There are 2 protein chains.
Amino acid sequence: MQAGRGAKARVLDQLRDAIIRGEHRPGTSLSEGALAEAYGTSRTPIREAIQQLQSEGLVEVVPRVGTFVRQPSRRELTELFQLKAVLEGLGAQLLAQRGLVAETELLQANLADSERAVAAGDAERYAQLVHDFHGLIIQGADNHMLAAQYDNLMHKLAYHRIVVNTLRHPGRLEVSLAEHRNVLDRIVGKDAFGAEFAMRDHVQSSQREAMSNRSDAEN
Amino acid sequence: MQAGRGAKARVLDQLRDAIIRGEHRPGTSLSEGALAEAYGTSRTPIREAIQQLQSEGLVEVVPRVGTFVRQPSRRELTELFQLKAVLEGLGAQLLAQRGLVAETELLQANLADSERAVAAGDAERYAQLVHDFHGLIIQGADNHMLAAQYDNLMHKLAYHRIVVNTLRHPGRLEVSLAEHRNVLDRIVGKDAFGAEFAMRDHVQSSQREAMSNRSDAEN
DNA sequence: TTAACGTCTGTTGCATGCAAGATGTCGTGA
DNA sequence: TCACGACATCTTGCATGCAACAGACGTTAA
């Protein structure tokens with residue numbers, strides 16, 4: 001019916017978002033026919049979107065049985081954080097090598113905003129700023145392949161939700177902010193090696209926080 | 001017609017292989033109809049395989065115009081090697097942390113074979129051993145996500161051809177072998193940090209060699 | 001000669017129908 | 001009560017037909 005920029009792309013975005021937001025709980029069965037009716041298209045664009053989501057690891061298609069929303073195991077979460085650490089570390093390294101560019105300015109502004117959010121205790125606002133901070137690092141690295149792999153990785157876990165939960169821990173906001181400041185200082189100081197490992201340490205720190213309360217509501 | 005484990009999977013593997021082997025030259029148009037006839041199926045499995053290849057970056061689909069084999073630019077090649085360095089670095093780091101496992105034994109055997117191949121000047125054989133060496137590092141890291149991302153990365157470039165060409169450079173075999181030896185020594189020495197950076201150095205060294213003669217026959 | 005226009009072919013995007021297989025259910029027998 | 005088997009139903013896999021659009025090519029008019 002309504003297209004936009006192609007039915008497949010529309011279904012893909014909306015369905016992925018619905019899964020990440022927990023609208024389809026892990027283990028839930030996703031029937032192509034039902035989705036086709038829900039999205040007002042035929043099964044064809046649904047199938048194409050589902051296969052993309054399968055390659056992203058969000059759903060699992062069992063031939064002739066059904067497709068199910070996947071729940072990342074604790075082990076997979078560990079693996080994802082290990083990859084996130086080296087990818088974002090590479091981003092920080094490359095950005096430091098580039099010197100002062102537009103993204104470094106934006107990162108400075110991001111940190112200023114973050115300080116205000118932390119001072120006000122606004123965890124929701126800070127979560128968004130954290131998301132932007134990491135995105136700016138990757139974007140500033142100016143490596144399209146890295147950005148693509150990073151996006152693919154971030155799609156795999158409901159990362160925003162994890163961060164929001166993490167930031168509820170007392171004192172986490174302040175520690176996180178200090179780590180961000182440390183990373184950016186080394187980037188503007190053109191200390192590529194230092195920036196990379198500051199970023200890695202930060203990711204590992206965030207991983208410890210995220211995986212300590214893995215018995216959350218939705219799990 | 002003949003299925004195997006699904007027409008889509010069969011088409012995907014064969015078509016990807018054909019592209020990587022240069023059977024379809026970059027810029028070539030891939031018509032769904034023609035491929036359907038060639039592979040003896042309908043357009044549906046062809047379309048599914050093509051979309052997968054598009055997400056892997058091997059082809060580009062222009063809506064209502066055609067799908068074309070993509071040619072990685074020099075910049076993309078640089079980006080790919082940067083990613084390869086950190087991913088394989090992570091693999092070496094994780095393998096070093098694991099201590100002695102089956103893969104370390106296989107790597108030792110691989111190096112012994114490599115020494116014989118280098119002594120005999122058998123570049124073709126050594127190229128295969130190089131491929132196995134890097135694969136064993138990733139496999140031994142015991143991180144499924146890393147392995148998946150790595151495979152995805154390696155699909156994007158005709159990596160084996162590049163290595164074969166690289167190994168034609170005089171003295172390259174010996175240098176490469178010494179670097180492999182260095183990496184494995186640090187892995188068995190449980191020097192995770194050293195292993196990671198030895199691996200990175202090796203990849204960068206290989207990148208320099210690969211990108212110095214980029215005016216090869218097929219480009 | 002050249003530029004503009006209409007047509008015609010080739011391409012992908014999507015809808016739909018049919019086939020193959022897996023799973024749950026209900027009935028039947030012991 | 002329990003085990004087992006046939007069947008009904010639901011699922012995805014694939015084939016096919018039609019529509020929309022881009023681009024090439026020939027035609028025509030200036």
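Each chain gets a letter, A, B and so on, in the order its sequence line appears, and its residues count up from 1. Only this structure's heavy atoms are used, side chains among them; waters, hydrogens and symmetry mates stay out. Because the structure is a prediction, the values reported are computed rather than measured.
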Exercise. Write down the distance between OH (A/Y39) and P (C/dC14), rounded to a whole number of angstrom.
Key: 15 Å
Quiz item: CG/B/L83 to CD/B/E76 distance, rounded to the nearest 0.5 angstrom?
Solution: 11.5 Å
Exercise. Take the protein atom CG of B/L53 and the nucleotide atom P of C/dT12, then report the distance between them rounded to whole Å.
Key: 14 Å
Quiz item: Which comes earlier along DNA chain C counting from the 5' end, the contact point of B/E32 or that of A/V65, where each point is its nearest nucleotide?
Solution: B/E32
Exercise. Only counting residues at least two apart or in another chain, list the ones meeting salt bridge (Lys or Arg N to Asp or Glu O under 4.0 Å) with B/R172.
Key: B/E179
Self-check item: Protein-nucleotide distance (B/L35, atom CG; C/dT11, atom P), rounded to Å
Solution: 10 Å
Quiz prompt | Under 4.0 angstrom between A/T44 side-chain N/O and C/dC14 OP1 or OP2 | solution = no
Self-check item: Interface with DNA chain C, restricted to residues 57-64 of chain A and to heavy atoms under 4.0 Å
Solution: A/R64
Exercise. For B/R47 and C/dT11, give me the distance from atom CZ to atom C1', rounded to whole Å.
Key: 11 Å
Quiz prompt | A/E79 bridged to A/K156 by N-O distance under 4.0 Å | solution = no
Exercise. Find the distance between CD1 (B/I138) and CG (B/L90) and round it off to the nearest 0.5 Å.
Key: 7.5 Å
Quiz item: Contact class for A/S29 vs. all strands (heavy atom < 4.0 Å): base, sugar-phosphate, or nothing?
Solution: nothing
Self-check item: Per B/R43 side chain, nearest of listed nucleotides C/dT12, C/dT16, C/dT23
Solution: C/dT12
Quiz item: What residues, two or more places apart in sequence or in another chain, satisfy side-chain hydrogen bond (donor to acceptor under 3.5 Å, both in side chains) together with A/D113?
Solution: A/R116
Self-check item: Spacing between B/K8 atom NZ and D/dA15 atom P, to the nearest angstrom
Solution: 14 Å
Practice problem: Calculate the interatomic distance between B/I46 atom CD1 and D/dG13 atom C1'; express it in whole Å. | Solution: 14 Å
Practice problem: Among A/Q93, A/H134, A/H180, find the residue that satisfies the side chain to side chain contact (heavy atoms under 4.5 Å, CB included) test when tested with A/M199. | Solution: A/H134
Quiz prompt | Separation of C/dG10 P from B/F68 CZ (nearest whole Å) | solution = 15 Å
Quiz item: Rounding to a whole Å, what distance do you find between A/I50:CD1 and D/dT12:P?
Solution: 7 Å
Exercise. Examine distances only and state if a side-chain atom of B/S176 and a backbone atom of B/L173 form a donor-acceptor pair shorter than 3.5 Å.
Key: no
